[in-house]
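Worksheet: the structure to be examined is printed underneath.
All ligand and atom numbering here is 1-based and tracks the order in the structure. The residues of the chain are indexed from 1 along the displayed sequence.
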Amino acid sequence: MIKEKEEQQIKEVCERFCLCGEYRSYEIINSGHINTTYRVYYFRNGELKDYILQRVNTYVFRDPVSVMDNISSVTEFIRAKIKAKQATAKRNVLHYAKTCEGDYYTFMDDGGFWRCCRYIDGSVCFEYTDDLKVIEESGKAFGEFQRYLQDYPVEKLSIVIPHFHNTVRRYAAFRDAIAEDAEYRVADIQADIDGYLELEEIATKCYRMQREGILPLRVTHNDTKTSNVLFDADTHEHLSVIDLDTVMPGLVAFDFGDAIRVAASTSAEDERDLDIVALDIEKYEAFTRGFVGEVSGALLDAEKDSLALGAIAMTVECGMRFLTDYINGDKYFKIHYPDQNLVRARCHLVLAKDMIAHLPEMQEIVKKYCK
Ligand code: GN1
Ligand code: MG
């Protein structure tokens with residue numbers, strides 16, 4: 001979109017949220033694969049105040065009002081817990097702005113669904129990091145999130161994306177895409193396809209254990225990548241978990257595992273040079289120390305035993321979703337160059353295989369930190 005038009009739209013959306021002060025400027029934040037995100041600057045009482053404005057992707061989130069109902073309810077729940085132990089929760093949980101009508105969202109005339117939250121002062125976020133302290137802190141952040149929501153009434157949550165981490169169904173969708181081959185891409189990627197099909201048994205194990213009643217459903221975040229945590233810009237201690245769109249009933253192993261997929265990799269999610277893609281066991285240990293230290297007291301033995309397997313499940317599932325989207329013509333994930341989904345998928349396959357090779361070691365590390 002041309003800049004003037006984009007800015008005009010942003011100003012109009014901001015007006016709906018009755019933000020105090022005077023609009024100054026905006027910048028686009030390019031990190032997510034789904035929603036469109038802006039940082040907006042307002043001038044108030046002699047200083048700049050910033051907000052995060054997002055246009056929610058309604059192709060992915062078909063019922064965005066339910067998404068916001070989940071988010072407002074969960075953030076209120078966490079806020080009350082934090083306020084019971086400290087004076088303010090301002091920097092430790094997201095705070096969404098209400099529109100003049102009292103809603104946490106607004107529909108614009110073009111059908112766009114928007115929301116706005118306060119920017120957390122003095123925070124930073126990392127797309128990728130080698131800093132073990134930051135990785136351990138991200139483990140604490142997601143572990144703490146899990147702990148805060150342990151007594152949240154799960155029946156209150158709407159299932160905003162049905163079967164989101166249903167790895168068995170993800171395999172079925174993958175097979176459907178291959179059979180349809182809508183963009184005639186399948187012939188050139190047979191080795192990648194076979195690579196994913198070979199991992200079906202191990203990748204679907206956690207999901208099957210949930211269906212058999214061995215692993216319980218809890219309130220989980222479901223998108224636990226490192227960039228979904230905010231840290232204090234000076235101390236690098238964790239502040240808050242963000243991107244609560246997919247908070248739904250799920251497996252703890254999947255929150256742990258999806259985080260490991262990103263935090264314990266030697267490379268970015270879309271590394272083209274596969275020779276440098278591997279599991280970094282030190283990073284894995286740092287995240288595990290942080291996460292397990294927060295939650296292990298509340299987990300069943302079967303859940304503790306499933307954590308490392310969850311990393312394999314989430315790495316295979318996410319990589320296969322990228323490959324499915326590539327085959328379907330890149331309709332779901334945002335891409336910044338033509339074969340990015342294929343690059344992401346190849347990178348994930350290498351990482352998943354390396355995890356499989358290190359599974360016993362990964363399981364030992366979980367045990368070491370379990371109380
Ligand atoms: C998407 O919101 P964002 O862009 O961080 C995706 C996750 C994937 C992730 C891969 C709703 O997350 O499931 O793990 O990309 N979110 C949705 O980076 O599909
Ligand atoms: Mg997300």
Indicate yes or no for a side-chain donor-acceptor contact from [X] to the backbone of [Y] under 3.5 Å, with no hydrogens or angles considered.
X: His221; Y: Ile242; value: yes
X: Arg44; Y: Cys20; value: yes
X: Tyr26; Y: Tyr41; value: no
X: His348; Y: Met320; value: no

Residue list, disulfide (SG to SG under 2.5 Å) with Cys100, at least two apart or on another chain:
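For Cys100 the disulfide (SG to SG under 2.5 Å) partners, ignoring immediate neighbours, are Cys18.
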
Holding to side-chain hydrogen bond (donor to acceptor under 3.5 Å, both in side chains), I want the full list of residues that pass it with Asp110, two or more places apart in sequence or in another chain.
Gln9, Arg55

Which residues pass the salt bridge (Lys or Arg N to Asp or Glu O under 4.0 Å) test with Asp330, sequence neighbours left out?
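Expected list: Arg185.
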
Using the rule given for side chain to side chain donor-acceptor pair (under 3.5 Å), can you reason through His236 versus Glu137, listing the C-alpha separation, both sets of side-chain angles and the distance that settles it, and then say yes or no?
CA-CA 8 Å; His236 287 178; Glu137 282 294 317; over 6 Å; no

In this structure, is the centre-to-centre distance between the rings of Phe142 and Phe291 below 6.0 Å?
no

Touching ligand 1 at all, Arg321? Heavy atoms, strictly under 4.0 Å?
yes

Say whether Asp243 and ligand 1 are in contact under the criterion: heavy-atom distance to a ligand atom below 4.0 Å.
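It does, in that a heavy atom of Asp243 comes within the 4.0 Å cut-off of ligand 1.
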
Thr106 and side-chain hydrogen bond (donor to acceptor under 3.5 Å, both in side chains): which single residue from Arg16, Lys98, Glu12 fits?
Arg16

What's the verdict on salt bridge (charged side-chain N to carboxylate O under 4.0 Å, His left out) for Arg218 and Asp255, showing C-alpha distance, side-chain angles and the deciding distance?
CA-CA 10 Å; Arg218 299 184 184 270; Asp255 267 7; over 6 Å; no

Tell me which protein heavy atom sits closest to [atom], plus the residue, atom name and distance to 0.1 Å.
atom: atom 3 (P) of ligand 1; answer: Asp223 OD2, 3.5 Å
atom: atom 6 (C) of ligand 1; answer: Phe333 CE2, 3.9 Å
atom: atom 1 (C) of ligand 1; answer: Ile34 CG1, 3.8 Å
atom: atom 10 (C) of ligand 1; answer: Glu269 OE2, 3.4 Å

Using a 4.0 Å heavy-atom cut-off, say whether Arg261 meets ligand 1 through its side chain, its backbone, both or neither.
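The side chain, only.
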
Does an N or O from [X], backbone or side chain, lie closer than 3.5 Å to an N or O of ligand 1?
X: His33; result: yes
X: Tyr332; result: yes
X: Asn222; result: no

Give every protein N, O or S atom lying under 2.8 Å from the Mg ion (ligand 2), naming each by residue and atom.
Asp223 OD2, Asp243 OD2

Tell me the nearest of Glu317, Met314, His165, Lys225 to atom 18 (O) of ligand 1, using heavy-atom distances.
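Among Glu317, Met314, His165, Lys225, the closest heavy atom to atom 18 (O) of ligand 1 comes from Lys225.
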
Output the distance between atom CG (Asp63) and atom CZ (Phe61), rounded to the nearest 0.5 Å.
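Reported to 0.5 Å precision, the distance equals 11.0 Å.
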
Using 0.5 Å steps for rounding, measure from the OG atom of Ser158 to the CG atom of Asn70.
5.0 Å

Subset of ligand 1 atoms that lie under 4.0 Å from at least one heavy atom of [X]:
X: Gly32; value: 4 (O)
X: Cys318; value: 10 (C), 14 (O)
X: Phe322; value: 10 (C)
X: Phe61; value: 11 (C)

